[in-house]
Student: 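Before I ask anything, let me first share the structure, which is written out below as structure tokens.
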There are 2 protein chains.
Amino acid sequence: MRRATLSRERVLQTAMAYADAQGIDALSMRRLAQELDVVPMALYKHVAGKEDLLDGMIEVVVGEIIGATATGFWKQDVRERILSARKTLVRHQWSRTVLESRSAMTPAMLDYLDSLTGLFIDGGLSVDLTHHVMHALGNRMWGFSQELFAATPRSDTSSFTAQRDALPRQHPHLAQIAMAAAHAGSDARLGPGCDDQFEFEFALDVVLDGAEILHAQHWTSAPRTSSGPRDIRPR
Amino acid sequence: MRRATLSRERVLQTAMAYADAQGIDALSMRRLAQELDVVPMALYKHVAGKEDLLDGMIEVVVGEIIGATATGFWKQDVRERILSARKTLVRHQWSRTVLESRSAMTPAMLDYLDSLTGLFIDGGLSVDLTHHVMHALGNRMWGFSQELFAATPRSDTSSFTAQRDALPRQHPHLAQIAMAAAHAGSDARLGPGCDDQFEFEFALDVVLDGAEILHAQHWTSAPRTSSGPRDIRPR
DNA sequence: GAGACTAGGTGTACTGTGTACACCTGTCAA
DNA sequence: TTGACAGGTGTACACAGTACACCTAGTCTC
């Protein structure tokens, strides 16, 4: 008589669907329970708590990332793997925020990380260089970077237009960029004028190309002088 | 008779000190009020709400970033400015999280952004290239990147050591990196084995060096083919 | 001085959150 | 038949942010 009985699986799936539709902030234990036609505390039989719920959701998302077929070229393989990760994470907007908020790694995250690392090492990069390039990738390895410009200037409604008009005077350089982007993009605002996908790939390629150069130069991390890889120079 | 009367200034300062000491999660309107020997609602006469409080705190932190003295070399200027930002943000650990959670820009953020942009443009980089390089920097421009490896594997206490022992088998590539880092660093864990500052500067330099190369090549963004700057090649 | 205005601290109360804990109930093994 | 147990229920608590009505002390004007 019970409606399709609960399970961790079903809890996670419903939570994800809800977060997809209503946003991660709208997802509370109570709402989720309601969504499942169940009393809030019922969830705790399948999930240790909210933290565990979020961990579980991330686990599912990361598990959805499909591996790339090896081409033999590490750079291309890494590129495709990360763009594939991006596709997955973009389907679930909330995962960016949640992933960032997590402080411990889940098994699926470790798997992804390890396989990505493997692409570099198997491609011939030194362990040393691979390590630092992974750091350089940062969260980009998950398929997103901080879309900083997505943050529009303060929208106090009142001061907004004022600030917008004053922008060229107060922030001439930002105005230049905004206008250039507006020329190629949709409208004049700082954010939506940018092509997220393009920006992402640009940044990704800067890092991968840098890695390739350092690799070709047999770069090795100095005995921690903290001066970085300052030996890349054009020509 | 009133103890040193409240002010937005004092509210923000106290909030920052509290967050510095107790962490951002411990900071609630009620705790903050208590800290100021005042009833919670008193804060709302100086701050519109919690969001505004956080915005204000960020405003102060970002305002603390000191400008660099121009050397005439854009790359070095940018580098120093960002490392200076890093120094400031590192003093207030919580600012990383808060900055990321903000969805709108505050005036101080716009100022910083504009001045950073100016360093590129005044250095001779095209507006186009500057734009994309800013994106490539991402949050690194604020002095932090996602310290991904800071997240240790699940610490279930029980499964932790098990997982640690099994790591070389299940995640051979991560194990390689961990061992290499342990050799140079402190202990064998994935996180603390890394020198945060070094990693940060490495990543920063990869991006800046990439920018320099593209600049020297008179790079220009293709008519949005979304294929990125794939024309950097060693030799 | 007298009254009004006001900036700013107070008190109470409401909604929403995560979750501890005791409880009930249906299923299945012995 | 029994009784263990997996899993859904109900109540209750502490904590969050904040709306709203209130009080109070200082200042400004006549």
Side-chain angles (χ1 to χ4, degrees), chain A residues 1-19 21-59 94 97-104 106 155-157, chain B residues 1-19 21-59 94 97-98 100-104 106 156-157:
Chain A
M1 202 80 344
R2 291 250 169 289
R3 48 176 54 261
T5 145
L6 236 46
S7 71
R8 184 177 172 95
E9 184 82 11
R10 214 160 83 82
V11 169
L12 293 181
Q13 227 67 45
T14 309
M16 290 177 61
Y18 192 83
Q22 314 290 334
I24 194 68
D25 286 339
L27 180 71
S28 73
M29 297 302 268
R30 290 174 143 91
R31 304 288 267 282
L32 178 54
Q34 194 174 321
E35 207 72 5
L36 286 159
D37 250 327
V38 117
V39 93
M41 288 313 293
L43 301 176
Y44 288 78
K45 287 281 151 66
H46 303 274
V47 148
K50 180 139 199 207
E51 289 295 282
D52 185 41
L53 174 71
L54 294 175
D55 276 348
M57 292 167 70
I58 284 298
E59 199 66 358
W94 47 269
T97 321
V98 176
L99 196 92
E100 273 170 351
S101 75
R102 245 74 295 272
S103 62
T106 65
S155 53
D156 294 348
T157 326
Chain B
M1 201 80 342
R2 291 249 171 292
R3 48 177 56 261
T5 145
L6 236 44
S7 70
R8 184 177 172 94
E9 183 83 13
R10 214 161 83 79
V11 168
L12 293 182
Q13 227 66 45
T14 310
M16 289 177 62
Y18 192 83
Q22 314 289 333
I24 194 68
D25 287 338
L27 180 72
S28 72
M29 296 302 268
R30 290 173 142 93
R31 303 288 266 282
L32 178 54
Q34 193 174 323
E35 206 72 5
L36 286 159
D37 251 327
V38 116
V39 93
M41 287 313 292
L43 302 176
Y44 288 78
K45 287 282 154 64
H46 303 274
V47 150
K50 182 138 198 208
E51 289 297 281
D52 186 40
L53 174 71
L54 295 176
D55 276 348
M57 291 167 71
I58 284 298
E59 199 67 358
W94 47 269
T97 320
V98 176
E100 274 169 351
S101 74
R102 244 77 291 274
S103 62
T106 64
D156 294 348
T157 327

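Proteins come first, then strands; the chains are lettered A, B, ... in the order of their sequence lines, and each starts at number 1. The model shown is predicted, which means the values in this text are computed figures rather than measured ones.
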Student: Quick one: which of D:dT18, C:dT17, D:dT9 gets closest to the side chain of A:Ser28?
Tutor: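 Minimum distance to the A:Ser28 side chain belongs to C:dT17.
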Student: Which part of the nucleic acid, if any, lies within contact of B:Val39, taking any heavy atom under 4.0 Å across all strands shown: a base, the sugar-phosphate backbone alone, or nothing?
Tutor: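 It contacts base atoms.
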Student: Rounding to an integer number of Å, can you tell me how far A:Leu32 CG sits from C:dT19 P?
Tutor: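 The distance from CG of A:Leu32 to P of C:dT19 comes to 12 Å, rounded to the nearest Å.
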Student: When you compare the side chain of A:Glu51 with that of A:Arg102, does any pair of heavy atoms fall below 4.5 Å?
Tutor: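 Answer yes - side chains close enough.
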Student: Taking donor-acceptor contacts at under 3.5 Å, does the side chain of A:Arg30 reach the base of C:dG16?
Tutor: no
Student: For the pair made of NZ in B:Lys50 and P in C:dT15, what is the distance, rounded to whole Å?
Tutor: 22 Å
Student: Tell me: NZ of B:Lys45 to P of C:dG11, nearest whole Å?
Tutor: 13 Å
Student: Compare the minimum distances between each of D:dC20, D:dG17, C:dT19 and the side chain of A:Tyr44, then state the nucleotide with the smallest one.
Tutor: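 When the side chain of A:Tyr44 is considered, C:dT19 is the closest of D:dC20, D:dG17, C:dT19.
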Student: Report the distance from atom CZ of B:Arg10 to atom P of C:dA7, rounded to the nearest whole Å.
Tutor: 20 Å
Student: In whole angstrom, give the distance that lies between atom CG of B:Leu43 and atom P of C:dG11.
Tutor: 14 Å
Student: How close or far is atom P of D:dG17 from atom CG of B:Asp25, stated in whole angstroms?
Tutor: 11 Å
Student: Taking only N and O in the side chain of A:His46, is any of them less than 4.0 Å away from OP1 or OP2 of D:dG8?
Tutor: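 Affirmative; the distance criterion is met.
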Student: Could you state the CE-P distance from B:Met41 to D:dC23, rounded to the nearest angstrom?
Tutor: 17 Å
Student: Quick one, B:Leu27 and B:Met57 - any side-chain contact, counting heavy atoms below 4.5 Å?
Tutor: yes
Student: Could you tell me the separation between the CG atom of B:Leu36 and the P atom of C:dT10, rounded to a whole number of Å?
Tutor: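 Computing the B:Leu36:CG to C:dT10:P distance gives 11 Å.
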Student: Any side-chain N or O of B:Thr5 less than 4.0 Å from the OP1 or OP2 oxygen of C:dG9?
Tutor: yes
Student: Go through D:dG17, C:dG18, D:dA16 for me and flag the one nearest to the B:Met29 side chain.
Tutor: D:dG17
Student: Surrounding CD of B:Glu9 (heavy atoms of other residues, nucleotides or ligands, distance under 6.0 Å), is the total greater than 12?
Tutor: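 Atom CD in B:Glu9 is not crowded, with 12 or fewer foreign heavy atoms closer than 6.0 Å.
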